[in-house]
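Below is one structure, written out as structure tokens, with a few remarks after it.
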2 protein chains.
Amino acid sequence: MASVPTAAQGSSTATPPTRYDKRMAEILAHATEVFCEKGYEGASMRDLSRATGMSLAGLYYYFESKERLLFLIQKHTFTTIVARLKKRLEHLGDPEERIRIFILNHLEYFLANQAAMKVLSHEAEVLKNGFGTELAAIKREYYRICVGLLDELKHSRGLDFSTRIAVLSLFGMMNWIYTWHNPRVDADPASTAREMGDIFLCGVANGRKAILKKTDFNSRRKESSNGNHNAACKR
Amino acid sequence: MASVPTAAQGSSTATPPTRYDKRMAEILAHATEVFCEKGYEGASMRDLSRATGMSLAGLYYYFESKERLLFLIQKHTFTTIVARLKKRLEHLGDPEERIRIFILNHLEYFLANQAAMKVLSHEAEVLKNGFGTELAAIKREYYRICVGLLDELKHSRGLDFSTRIAVLSLFGMMNWIYTWHNPRVDADPASTAREMGDIFLCGVANGRKAILKKTDFNSRRKESSNGNHNAACKR
DNA sequence: ACTTAAATCGAACGTTCGTTCGAACTTTTG
DNA sequence: CAAAAGTTCGAACGAACGTTCGATTTAAGT
């Protein structure tokens, strides 16, 4: 057995990928497609065997179980998207801009790796015990980053909204994309990210206060008195 | 065999539910829970047998296949939510108000029938051929209603945004709720619907135009010239 | 070239799957 | 109460499931 048998991909150290690593990555890629199309439970090891061109028994040289295979796919996908996000967020910026970076990073990766992200979103609950908790930790970290970004925005502009609902609504908008996005019909990731960012950012910028009916100028004047906040919402 | 053997529930005519109908509804309810917990593929007929207290063979007196069982659950759930929506939309109202009715109807039903709605959302792709197309028709109708409501809003306020992206973002926000909503932590449906409505409505009311950075007053004045629109966004 | 280790495979294991069938039980009908 | 219809069940079917094992083939080290 070559290199580190449990690694799904070349590590962060500059170790060149061995034959084992490359084959592993190949299998992971094919398995991702199969899981995406048929679902984790619906996909059989024989389906994976067919898709990879490797014998049924041969697969078990790389994975000790079907469950661990799903785990490796999900972990690699999630780790990658978090790593990319952190890199992009290193350059400081306006809170609004940072949230737009978050959305863009998510959607870009989502649409470039649609199968993997669908497997991540759609099979989020099937992993139990050890696998489940390790993945939940990454998920929580990603969630916390988004919460942090929104809280920045909140404090810097004196906004008032439920961070929890906002974050989860945003994830909903973004993750649901795997059910409808069609590259032949829908715009590129950057445009989609901008449109979703427009909707979301304007929404939270106005917080939980009731949205006023048209031509109701009276109470609007009263509420919008304090300074230069909420510019995100005005055209 | 009693009454209409293919009916999942009492029909719209005032026929009193037979013994068959009641047992059928019981089984559907239990099956919904099982499908919700283990997924359609992950749930076995033996799981359903255990949950309903009926023998394995006995189930097949009510359903000709596991696939049809899922179909009946999904069809009943979807039909009900569409029917309720139509009833609520009979009373005309402001476009904004009508969209809020749409959101409230969806979330109320979602949270009151969380298991059924998770099965509807999460197992949306597993039904093929005949079952799939019949369900897709209901789904399309529901989708079209939402498109219609948004177009009303668009025209009545002279807005400019991508209806497709807006509708699908809204569905994402709403449907994702099955992954996170916890009745012990999260507010009641009405509050959640209002918060999501705030975010969404304010977002689309400002359309695709770039959101301006704080304290950028110059171009804002230029864009917000035409009349009393977009009140939905101002506090 | 020969040895050793890595990689792959065919064949099979025991289990569980969805579904069927005829017999038995229960309720309704005459 | 007997007959008919409606309902439930135990037992079994063949197929497909995830996984294992010993043997075989391929690549690496010397």
Side-chain angles (χ1 to χ4, degrees), chain A residues 1-8 15-28 30-31 34-35 37-73 123 126-131, chain B residues 1-8 15-28 30-31 34-35 37-73 123 126-131:
Chain A
M1 198 180 292
S3 76
V4 183
T6 58
T15 313
T18 64
R19 196 162 74 96
Y20 175 88
D21 290 328
K22 280 190 273 191
R23 197 85 175 94
M24 170 76 101
E26 262 180 54
I27 297 173
L28 278 179
H30 282 114
V34 176
F35 283 159
E37 278 172 30
K38 317 187 80 166
Y40 171 74
E41 307 271 9
S44 71
M45 291 300 290
R46 282 156 186 87
D47 290 330
L48 301 176
S49 167
R50 205 174 304 118
T52 57
M54 176 172 273
S55 74
L56 195 51
L59 292 173
Y60 282 88
Y61 179 71
Y62 292 89
F63 318 101
E64 61 201 72
S65 70
K66 186 187 174 190
E67 199 181 5
R68 176 161 178 89
L69 173 51
L70 175 62
F71 169 74
L72 287 178
I73 292 173
E123 316 291 350
V126 323
L127 258 16
K128 310 286 179 193
N129 306 326
F131 292 150
Chain B
M1 199 179 288
S3 75
V4 184
T6 58
T15 314
T18 65
R19 194 163 75 95
Y20 174 88
D21 291 328
K22 279 189 274 192
R23 198 86 175 93
M24 171 77 101
E26 263 179 52
I27 297 174
L28 278 179
H30 283 114
V34 176
F35 282 158
E37 280 172 31
K38 317 186 81 166
Y40 171 73
E41 306 272 8
S44 71
M45 291 300 291
R46 283 156 184 88
D47 290 330
L48 301 176
S49 167
R50 206 174 304 119
T52 56
M54 177 172 273
S55 74
L56 194 51
L59 291 174
Y60 281 86
Y61 179 71
Y62 291 89
F63 317 101
E64 61 202 72
S65 69
K66 187 188 175 191
E67 200 181 6
R68 179 164 177 87
L69 172 51
L70 175 62
F71 170 74
L72 287 177
I73 291 173
E123 317 289 351
V126 324
L127 258 17
K128 311 286 182 194
N129 306 325
F131 292 150

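Each chain gets a letter, A, B and so on, in the order its sequence line appears, and its residues count up from 1.
Note that NZ of B:Lys66 is 9.0 Å distant from CG of B:Leu69, once rounded to the nearest 0.5 Å.
At least one side-chain heavy atom of B:Glu67 sits less than 4.5 Å from a side-chain heavy atom of B:Phe131. Between A:Glu26 and A:Arg23 the shortest side-chain heavy-atom distance falls below 4.5 Å. At least one side-chain heavy atom of A:Tyr62 sits less than 4.5 Å from a side-chain heavy atom of A:Met54. At least one side-chain heavy atom of A:Arg46 sits under 4.5 Å from a side-chain heavy atom of A:Leu56. For the pair B:Tyr20/B:Tyr61, a side-chain contact is recorded, criterion being any heavy-atom separation below 4.5 Å from C-beta on. Residues A:Glu41 and B:Tyr40 are not in side-chain contact: their nearest non-hydrogen atoms beyond the backbone lie 4.5 Å or more apart.
In this structure, of D:dT8, D:dT19, C:dT19, it is D:dT8 that holds the atom nearest to the side chain of B:Tyr61. Side chain of A:Ser55, nearest nucleotide from C:dT19, C:dG10, C:dA6: C:dG10. Closest approach to the A:Arg46 side chain among C:dA12, C:dT8, D:dT7 is made by C:dA12 (side chain taken as heavy atoms from C-beta onward).
In this structure, A:Met24 places its CE atom 13 Å from C1' of C:dA7, rounding to the nearest Å. Atom-to-atom, NZ of B:Lys22 to P of D:dG6 comes out at 18 Å; the value is rounded to the nearest Å. One can place CG of B:Leu48 at 12 Å from C1' of C:dC17, the figure rounded to the nearest angstrom. Between A:Tyr60 atom OH and C:dG10 atom P there is a gap of 16 Å when expressed in whole angstrom units. Atom pair A:Met54:CE and D:dT26:P shows a separation of 13 Å (rounding to whole Å applied). Here the P atom of nucleotide D:dT7 and the OH atom of B:Tyr20 are 8 Å apart, to the nearest Å. Rounded to an integer number of Å, the gap from B:Arg68 CZ to C:dT19 P is 13 Å. Rounded to a whole Å, the CG atom of B:Leu56 is 11 Å from the P atom of C:dT20.
OP1 and OP2 of C:dA6 both lie 4.0 Å or more from every side-chain N or O belonging to A:Arg23. OP1 or OP2 of C:dT16 has not a single side-chain nitrogen or oxygen of B:Ser44 nearer than 4.0 Å.
The closest donor-acceptor contact from the side chain of A:Lys38 to the backbone of A:Ser44 lies at 3.5 Å or more, if one exists at all.
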Whether each nucleotide of nucleotides 21-30 of chain C has a protein heavy atom under 4.0 Å at its base (B), only at its sugar-phosphate (S) or at neither (-) is summarised, 5' to 3', as B---------
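Remark: DNA chain D forms stems of 3 or more consecutive Watson-Crick or G-U wobble pairs, all pair distances under 3.5 Å, at C:4-30 with D:1-27.
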